[in-house]
Amino acid sequence: MQETLNYINENKQRYVDELFELLKIASISADPAYKDEVLKCADEVAKHLKNAGADHVEVCPTEGYPIVYGEKILDKNLPTVLVYGHYDVQPPDPLELWTKPPFEPYIEKTPLHPEGAIFARGAADDKGQFFMHVKAFEAMMKTNTLPCNVKFILEGEEEVGSKSLEGFVKQNTEKLACDTILISDTHIYSNEQPTVTTGLRGLSYVEVEVEGPNRDL
Ligand SMILES: [Zn+2]
């Protein structure tokens, strides 16, 4: 463990620099004008997986934006963790609410973040989170401390309803087989309260309209 932590400390600045480069890519899936940026982001994510030590890295085409896959299988008898994340981001408008350009990341100390936090579109949803997993994986790969098999599935359509994901999952059940799924694209209740979501069963949205009598009964 100490060796892994040393590796992270020694490489911390490079980790941050690399994340900044990823955050500069305007991978806005909802706006077709940014198509090239989304595709470029997929390629960059694949490079990061390869550099981190993943095997069989693929930019898998779908009807929409590609899904980036990579894996490290140490031993078939070990458990397998599947990491899910997304490299697309929400559109940044309304632009006037940004104090600095959304795709020019910077670190700033604020009352909420006295140690400093990274500000950019996608920094907290979801590039920062999946990059953390990729870099944790890298640290364990480089120090020979990875304790289990790992698979990554990083999509580019989460912000537009993950249209291609279901078909991809159905077509690749063998490839995606795992014992547990690790997702850091969920909730945080407050900055003082770290939050772990232990189960996801999909979302359902309902609109409830209630009508009552039009006079006092
Ligand atoms: Zn997200």
Side-chain angles (χ1 to χ4, degrees), residues 1-29 34-60 65-72 81-92 98 100-110 113 115-159 182-186 188:
M1 185 70 178
Q2 194 53 49
E3 206 191 338
T4 315
L5 293 175
N6 290 346
Y7 181 90
I8 292 169
N9 282 325
E10 282 156 23
N11 290 278
K12 201 172 173 182
Q13 190 55 50
R14 177 175 59 82
Y15 278 18
V16 172
D17 293 344
E18 289 178 6
L19 175 58
F20 270 38
E21 290 308 308
L22 211 57
L23 290 169
K24 286 179 191 169
I25 306 173
S27 49
I28 306 165
S29 52
Y34 291 88
K35 186 179 177 192
D36 289 348
E37 291 284 290
V38 184
L39 295 173
K40 179 181 160 190
C41 199
D43 288 339
E44 286 303 312
V45 170
K47 270 187 224 160
H48 281 297
L49 282 180
K50 263 184 220 161
N51 292 341
D55 297 325
H56 306 297
V57 175
E58 283 175 75
V59 178
C60 309
Y65 286 119
I67 291 172
V68 183
Y69 176 84
E71 64 176 33
K72 187 72 202 180
V81 177
L82 176 78
V83 176
Y84 164 89
H86 64 90
Y87 62 84
D88 63 326
V89 299
Q90 292 240 346
W98 289 81
K100 291 183 184 171
F103 294 102
E104 291 175 22
Y106 61 96
I107 294 176
E108 194 164 274
K109 289 181 181 166
T110 71
H113 312 94
E115 288 168 43
I118 298 172
F119 292 87
R121 171 56 92 218
D125 181 16
D126 182 41
K127 287 175 177 168
Q129 291 99 309
F130 84 70
F131 206 68
M132 166 189 71
H133 293 302
V134 173
K135 289 296 156 187
F137 170 71
E138 176 189 316
M140 289 187 276
M141 283 300 295
K142 304 292 180 192
T143 53
N144 266 320
T145 50
L146 188 69
C148 59
N149 302 318
V150 181
K151 295 176 176 179
F152 286 94
I153 174 175
L154 304 166
E155 67 155 323
E157 294 183 306
E158 198 274 346
E159 304 294 5
L182 178 59
I183 302 177
S184 294
D185 188 29
T186 45
I188 182 160

If you compare all heavy atoms of [X] against all heavy atoms of [Y], which two are closest, and at what distance to 0.1 Å?
X      : Y      : value
Cys41  : Leu22  : SG-CD1, 4.3 Å
Val38  : Tyr87  : O-CE1, 3.4 Å
Thr145 : Ala139 : OG1-O, 4.3 Å

Would you say the side chains of Tyr69 and Glu71 form a donor-acceptor pair under 3.5 Å?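 Yes, a side-chain donor-acceptor pair sits under 3.5 Å.
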
Side-chain contact test, heavy atoms from C-beta onward, threshold under 4.5 Å: evaluate it for [X] versus [Y] and give yes or no.
X      : Y      : answer
Glu159 : Asp125 : yes
Phe137 : Leu146 : yes
Tyr65  : Leu39  : yes
Tyr34  : Asp88  : no

Return the CD to CD distance between Glu18 and Gln13, rounded to the nearest 0.5 Å.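 The CD atom of Glu18 sits 11.0 Å away from the CD atom of Gln13.
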
Describe, in one word, how the ring planes of His113 and Phe119 are oriented to each other, choosing from parallel (under 30°), tilted (30 to 60°) and perpendicular (over 60°).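 The rings of His113 and Phe119 stand perpendicular, inter-plane angle above 60°.
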
Is there a side chain to side chain contact (heavy atoms under 4.5 Å, CB included) between Val89 and Phe103 once you walk through the steps? CA-CA 11 Å; Val89 299; Phe103 294 102; 4.0 Å; yes

Determine the sole option in His86, Lys127, Lys40, Glu37 for which the side-chain hydrogen bond (donor to acceptor under 3.5 Å, both in side chains) test with Ser27 is passed.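 Only match with Ser27 under side-chain hydrogen bond (donor to acceptor under 3.5 Å, both in side chains): Lys127.
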
Under the side-chain hydrogen bond (donor to acceptor under 3.5 Å, both in side chains) test against Asn6, which residue among Gln2, Glu10, Glu3 passes?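 Single pass found, and it is Gln2.
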
Test side chain to side chain contact (heavy atoms under 4.5 Å, CB included) on Glu158 and Asp185; report intermediate values, then the result. CA-CA 10 Å; Glu158 198 274 346; Asp185 188 29; 3.7 Å; yes

Ring-face cation of Lys135 near Tyr15 (centre distance under 6.0 Å, axis angle within 45°):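 Yes, a cation-pi geometry holds between Lys135 and Tyr15.
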
Counting only pairs under 3.5 Å, give me each side-chain donor-acceptor contact of residues 43-59, with atom names and distances, residues two or more places apart or in other chains.
{"unit_1": "Glu44", "atom_1": "OE2", "unit_2": "Lys47", "atom_2": "NZ", "d": "3.0"}
{"unit_1": "Asn51", "atom_1": "ND2", "unit_2": "Lys47", "atom_2": "O", "d": "3.4"}
{"unit_1": "Asp55", "atom_1": "OD2", "unit_2": "Lys72", "atom_2": "NZ", "d": "2.9"}
{"unit_1": "Glu58", "atom_1": "OE1", "unit_2": "Lys175", "atom_2": "NZ", "d": "3.4"}
{"unit_1": "Glu58", "atom_1": "OE2", "unit_2": "Lys175", "atom_2": "NZ", "d": "2.7"}

Between Tyr84 and Glu155, does a side chain to side chain contact (heavy atoms under 4.5 Å, CB included) hold up when you go through it step by step? CA-CA 8 Å; Tyr84 164 89; Glu155 67 155 323; 2.5 Å; yes

Residues in side-chain hydrogen bond (donor to acceptor under 3.5 Å, both in side chains) contact with Asp36, at least two apart in sequence or another chain: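 Not a single residue meets the side-chain hydrogen bond (donor to acceptor under 3.5 Å, both in side chains) criterion with Asp36.
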
Backbone N/O of Ala26 and side chain of Arg121: donor-acceptor pair under 3.5 Å: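 Not a single qualifying donor-acceptor pair exists.
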
